[in-house]
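Let me begin by presenting the structure, written as structure tokens, before commenting on it.
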Amino acid sequence: MTTLPTMDVGSRIARLRSTFEVAEIDALLVTRLPNVAYLTGFTGSAGVVLVTPGDAVLVTDGRYAQQSTEQLAHAGVTARVEIASTPAAQQAALTTSPIGTRLGLEAHGVTWAQQRTYSEWFTAETLVPTEHLVEGLRAVKEAGEVARIKAACDIADESLAAVLPRLKEGITERAFALALEWEMRGRGATKTSFDTIVASGPNGAKPHARPTDRVIGEGELVVIDFGCVVDGYCSDMTRTVSVGDPGADARKVWDVVAASQRAGRDAVRAGIECKSVDLASRAVIDDAGWGEAFAHGTGHGVGLEIHEAPRVSATADATLEAGHVVTVEPGVYLPGIGGVRIEDTVVVTSDGAEALTEFPKSLVI
Ligand code: ZN
Ligand code: ZN
């Protein structure tokens, strides 16, 4: 694998602070782990970051004493690290420096139980629900982040090329999925970015089918939706293929979905509303009469999480910006018959989009 460029992790806490005024908070307690990772480089399974006007502290437990210090130093982040393994120690660690009067919590990342605990810990402050402050920063990727997503996409492309011929052997969905995952791990991926989908024949009608012991037959549509993680960043791609000719009806569905995917991709550029990209993809499928059979949004952001901002759907209210990384993945699902989905991950540029997943799209193998 090629060397990954460094990322400017060290400036992210300051950028987060610059959102506080509009959010009407003095400090933010960051509890969602992908946000903790984004701000500090720390990737442990437990930890919170408190960002106050004059201080930033990562509080984690004894399992991560060494790892947390190493990761923050490696990322060039100057936040303090406090190791606290009991609730009392965590409270003490989070209340040592002045917070101000209004402490933001991440409304989407705090359970009811946590909210009750924090209201007991922070008695001098008013707790304020905030919406997606860190996620808003994360949506626009810097070059180093795009390079990681691209590296994950390249591994996915190469892995599919390596295992696709095995579809001709009479392989099961489960064995094919495992082969794909094995190839990705062997090429340097740390894990899959979500549970691999390999859905053949009638199983393809379920957009999120799980691989079964069904043997993939000749002339059947096979939906393969998969991705991997490189240095924390996800890839996402779907191809629908058939071993041999799947027949005129299946070819027609595939052609329509391919045209819909192209229309969506061609619509992507900085300044366009996400809902307009969805509409561009959806119109092609609507015109073919399968509008009802396309029962999900056209795409989603990809980064540290497989699904993140911005969403690309009919109800999304965001506008695409240069540096957003989104998928375009229309599909048609016909119960009892099968399904077709084609998906690329692309990075938005000022005048269009650059594909990060580049595996060729062709139906028959
Ligand atoms: Zn996907
Ligand atoms: Zn996707």
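Heads up: numbering here begins at 1 and tracks the sequence. Both ligands and their constituent atoms are indexed starting at 1 by order of listing.
- Its N, O or S atom nearest to the Zn ion (ligand 1) is what matters here, and for Asp225 that atom is OD1.
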Salt bridge (Lys or Arg N to Asp or Glu O under 4.0 Å) for Lys150 and Asp154? Distances and angles first, verdict last. CA-CA 6 Å; Lys150 177 61 179 159; Asp154 285 349; 3.0 Å; yes
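- Across all non-hydrogen atoms, the minimal contact from Ala322 to Val140 is O-CG1, 3.6 Å.
- For the residue pair Ser159 and Glu183, no side-chain donor N or O sits within less than 3.5 Å of a side-chain acceptor on the partner.
- Rounding to 10°, one obtains 80° for the angle at the Zn ion (ligand 2) between NE2 (His300) and OE2 (Glu329).
- Counting just the N/O/S atoms of Asp236, the one with the shortest distance to the Zn ion (ligand 2) is named OD2.
- The Zn ion (ligand 2) is closest to atom OE2 of Glu343 (considering only N, O or S atoms).
- Contact detail for Arg32 and Glu106: the closest heavy-atom pair is N-OE1, 2.8 Å.
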